[in-house]
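Here the structure is laid out as structure tokens; the discussion comes afterwards.
Numbering of ligands and ligand atoms starts at 1, following listing order. Predicted model, so just to flag it, every value in this text is computed and none were measured.
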Amino acid sequence: MSMGSESLVSRLKSCGLLQTKGLIGGKWVDAYDGKTIEVHNPANGQVIASVACMGDKEAKDAISAAYDAFAPWSKLTAADRSNRLRNWLDTGLVSSSSLQRRQSVFMPVGVVGVVTPWNFPLAMITRKVGPALACGCTVVIKPSEFTPLTALAAAELALQSGIPPGVLNVVTGDAPKIGNSLLESPQVRKITFTGSTAVGKKLMAGAAETVKKVSLELGGNAPCIVFDDADLEVALKGSLATKFRNSGQTCVCANRILVQEGIYEKFTSAFSNAVQDLKVGNGFSEGVVQGPLINEAAVQKVDSFVQDAISKGAKVLVGGKRHSLGFTFYEPTIIGDVKNEMLIARQEVFGPVAPVIRFKTEEEAIQIANDTNAGLAAYIFTNSMKRSWRVAEALEYGIVGVNEGLVSTEVAPFGGYKQSGLGREGSKYGLDEYLEIKYVCMGNMG
Ligand SMILES: NC(=O)c1ccc[n+]([C@@H]2O[C@H](COP(=O)([O-])OP(=O)(O)OC[C@H]3O[C@@H](n4cnc5c(N)ncnc54)[C@H](O)[C@@H]3O)[C@@H](O)[C@H]2O)c1
Ligand SMILES: O=CCCC(=O)O
């Protein structure tokens with residue numbers, strides 16, 4: 001060992017900083033099999049120390065320690081966390097030159113590939129293209145093959161309004177071919193996608209090859225929780241709105257209605273009356289509030305979930321089959337006695353079917369609500385302010401409606417936790433997705 005590293009080692013030893021074990025859950029631990037790896041001085045190759053050579057078991061224990069510590073740490077006040085970080089910083093050395101001036105400059109990301117679904121054929125595009133163009137990016141849009149006409153009409157309006165040629169482009173047609181071209185091109189610096197979780201995962205994996213930025217707005221599995229202390233009218237109105245908007249075909253639609261046992265009978269009976277009255281038909285006809293599903297495959301999927309739930313003990317309270325109008329119409333449906341393990345509660349229904357799950361306690365409702373890989377929107381109905389905050393904070397969702405079933409607005413951040421996506425759309429935060437931050441450091445400014 002050289003004199004330099006010897007003195008460093010002895011200095012570290014004297015202040016207790018020469019640690020050679022791993023740190024898991026606040027304890028210094030050896031590798032479980034006792035193995036070690038050597039740390040060398042790159043100047044002369046000599047061994048400075050041997051540290052624990054850990055593997056998957058230790059990594060899993062560290063993950064579970066971090067998972068357990070997350071709730072208490074995140075519940076400390078910001079000031080408390082700040083003090084501890086400050087203390088940590090104060091144990092080290094901070095260097096900063098008074099001769100430098102530092103500036104963060106926001107730059108447009110570049111060319112953005114925009115891939116969108118059919119269920120809101122204009123809004124899903126404008127949510128992306130508005131902030132992208134505002135930041136100085138240019139876009140190539142791939143709209144859904146089921147609803148390309150809206151995208152093309154919007155593009156014509158963009159041309160008429162003076163958006164220069166090439167700034168906004170629309171490519172309709174073969175999704176995988178267009179998608180692969182967007183992914184493979186190094187000129188495309190970002191992919192922003194709204195659609196199913198399965199396709200989102202493919203695009204995310206494909207974007208890795210050229211390390212593109214990725215924003216994903218994916219599928220949901222929204223719980224709508226009605227507590228005993230809810231205002232029944234408010235809960236009914238909100239549940240109807242969140243479940244049956246766009247005939248159940250929105251990513252933020254309630255996918256599971258969780259009802260506390262004390263209000264279960266009253267709620268399901270009033271909910272059934274209201275759902276029976278929903279008028280189904282062609283959206284151009286007067287009074288119609290429930291239209292068709294997008295295609296035959298969607299109807300088959302919805303019906304298969306309903307049949308699966310019935311076969312496992314759930315009870316049809318209203319509807320439960322294809323509508324007599326035929327084709328792509330499905331009866332607005334309520335199914336009671338659903339269990340969270342059933343297919344209908346685990347997958348995105350994307351149709352006019354409300355599965356109702358009974359629960360006893362607030363803790364149970366939170367557990368059921370969070371027991372999913374999705375985390376887009378959730379809804380709670382309660383008259384207790386304390387419960388509102390408690391439950392809203394405990395729900396692992398990007399959007400929480402409290403006594404409100406309609407939460408979407410361009411002025412608030414929209415996006416999901418877990419496998420419901422990455423990033424946010426809308427509000428000032430939606431702009432961040434289309435900006436690179438450049439740090440400019442100017443030296444010798446004395
Ligand atoms: N989180 C949100 O903001 C949000 C909003 C609306 C819809 N959605 C989700 O969208 C889904 C419904 O929309 P959908 O059925 O159109 O979704 P989808 O994933 O089938 O299609 C979305 C888009 O991806 C394209 N696509 C499909 N395969 C592709 C590939 N290999 N490469 C490139 N592009 C490909 C499609 O042509 C379409 O334009 C639901 O899951 C819903 O929850 C999410
Ligand atoms: O499908 C997604 C819903 C979008 C919205 O609620 O604005």
Side-chain angles (χ1 to χ4, degrees), residues 113-128 130 140-152 170-185 188 191-207 212 214-222 241-255 293-298 301-302 347-351 372-379 397-399 401 404-427 430 433:
V114 175
V115 183
T116 55
W118 52 267
N119 66 337
F120 290 91
L122 182 60
M124 297 300 105
I125 292 175
T126 52
R127 269 182 190 190
K128 300 171 183 307
V140 177
I141 305 167
K142 205 306 268 171
S144 169
E145 54 276 31
F146 300 125
T147 54
L149 297 175
T150 313
L152 295 170
V170 184
V171 189
T172 55
D174 187 317
K177 281 193 181 149
I178 298 166
N180 285 342
S181 304
L182 292 172
L183 290 172
E184 283 164 12
S185 167
V188 175
I191 294 287
T192 175
F193 171 77
T194 298
S196 62
T197 305
V199 173
K201 285 180 181 178
K202 274 192 206 164
L203 296 184
M204 188 175 174
K212 293 187 201 314
V214 180
S215 292
L216 301 173
E217 294 285 351
L218 309 177
N221 182 359
T242 172
K243 177 64 255 184
F244 290 96
R245 176 170 169 241
N246 208 20
S247 302
Q249 300 169 108
T250 90
C251 52
V252 289
C253 271
N255 207 54
L293 301 196
I294 184 67
N295 54 29
E296 173 63 25
K301 184 186 91 169
V302 168
Q347 305 276 331
E348 197 179 29
V349 178
F350 234 61
T372 167
N373 284 333
L376 188 56
Y379 306 85
Y397 288 81
I399 303 164
E404 178 55 80
L406 296 174
V407 287
S408 293
T409 159
E410 75 284 8
V411 299
F414 188 102
Y417 277 32
K418 297 185 188 167
Q419 296 185 23
S420 283
L422 291 176
R424 293 294 180 270
E425 293 189 331
S427 76
E433 307 287 330

Any side-chain heavy atom of [X] within less than 4.5 Å of one from [Y]?
X	Y	result
Val170	Pro143	yes
Arg127	Phe414	yes
Leu203	Leu183	yes
Phe120	Asn246	yes
Phe193	Leu218	yes
Val349	Gln347	no
Cys251	Met124	no
Glu410	Thr126	no

>> Quick check: closest heavy atoms across Gly220 and Ala374, and the distance to 0.1 Å?
In response: C-CB, 3.8 Å
> What closest approach, in Å, do Ala254 and Tyr379 show between heavy atoms, and which atom pair accounts for it?
Replying inline: N-CE1, 4.4 Å
Do any nitrogen or oxygen atoms of [X] come within less than 3.5 Å of a nitrogen or oxygen of ligand 1?
X	value
Ser196	yes
Trp118	yes
Leu218	yes
Arg127	no
Glu145	yes

Region of [X] that comes within reach of ligand 2 [heavy atoms, distance under 4.0 Å]:
X	answer
Val407	neither
Gln249	neither
Cys251	both
Glu410	neither
Glu425	neither

Which of the atoms in ligand 2, numbered in the order shown and given with their element, are less than 4.0 Å from a heavy-atom of [X]?
X	value
Val252	6 (O)
Arg127	4 (C), 5 (C), 7 (O)
Arg245	5 (C), 6 (O), 7 (O)
Ser408	5 (C), 6 (O), 7 (O)

> Protein heavy atoms: any of them under 4.0 Å from atom 21 (O) of ligand 1?
Replying inline: no
Which atoms of ligand 1 have any heavy atom of [X] under 4.0 Å away?
X	result
Thr194	2 (C), 3 (O), 4 (C), 5 (C), 6 (C), 7 (C), 8 (N), 22 (C), 44 (C)
Met124	5 (C), 6 (C)
Cys251	1 (N), 2 (C), 3 (O), 4 (C), 5 (C), 6 (C), 8 (N), 42 (C), 43 (O), 44 (C)
Asn119	6 (C), 7 (C)
Gly179	32 (N), 33 (C)
Gly219	41 (O), 43 (O)
Lys142	36 (C), 37 (O), 38 (C), 39 (O)
Leu376	1 (N)

Kindly say whether [Y] contributes a backbone atom to a donor-acceptor pair with the side chain of [X] at under 3.5 angstrom?
X	Y	result
Lys142	Gly113	no
Gln249	Ile294	yes
Lys212	Gly206	no

What do you reckon, does [X] put a non-hydrogen atom under 4.0 Å from ligand 1?
X	answer
Phe146	no
Phe120	no
Leu203	yes
Gly421	no

For the [atom1] atom of [X] and the [atom2] atom of [Y], what is their distance to the nearest 0.5 Å?
X	Y	atom1	atom2	result
Asn119	Ser247	CG	OG	11.5 Å
Leu149	Leu122	CG	CG	12.5 Å
Met204	Ile191	CE	CD1	12.5 Å

> Thr192 and Glu425: side chain to side chain contact (heavy atoms under 4.5 Å, CB included), yes or no, with the steps?
Replying inline: CA-CA 10 Å; Thr192 175; Glu425 293 189 331; 3.9 Å; yes
Quick one: look up the protein heavy atom nearest [atom] and list residue, atom name and how far away it is.
atom	value
atom 9 (C) of ligand 1	Gly195 O, 3.2 Å
atom 26 (N) of ligand 1	Ala175 CB, 3.6 Å
atom 41 (O) of ligand 1	Glu348 OE1, 2.7 Å
atom 38 (C) of ligand 1	Thr116 O, 3.2 Å
atom 25 (C) of ligand 1	Val115 CG1, 3.7 Å
atom 13 (O) of ligand 1	Pro117 CB, 3.3 Å
atom 31 (N) of ligand 1	Pro176 CA, 3.9 Å

> For the side-chain contact (heavy atoms from CB on, under 4.5 Å) test, which of Ile141, Thr194, Leu182 pairs with Val114?
Replying inline: Ile141
>> Would Met124 count as a contact residue for ligand 2, given that I'm defining contact as a non-hydrogen atom of the residue lying under 4.0 Å from a ligand atom?
In response: yes
>> Tell me whether the count of non-hydrogen atoms from other residues, nucleotides or ligands lying under 6.0 Å of NZ in Lys301 goes above 12.
In response: yes
>> Polar contacts were defined as any N/O atom of the residue lying under 3.5 Å from an N/O atom of the ligand; does this apply to Thr250 and ligand 2?
In response: no
> Backbone, side chain, both or neither: what part of Ile178 comes under 4.0 angstrom of ligand 1, heavy atoms only?
Replying inline: neither
> Side chain, backbone, both or neither: which part of Pro143 comes within less than 4.0 Å of ligand 1 when only heavy atoms are counted?
Replying inline: backbone
> Do you see a donor-acceptor pair shorter than 3.5 Å between the side chains of Ser215 and Lys128?
Replying inline: no
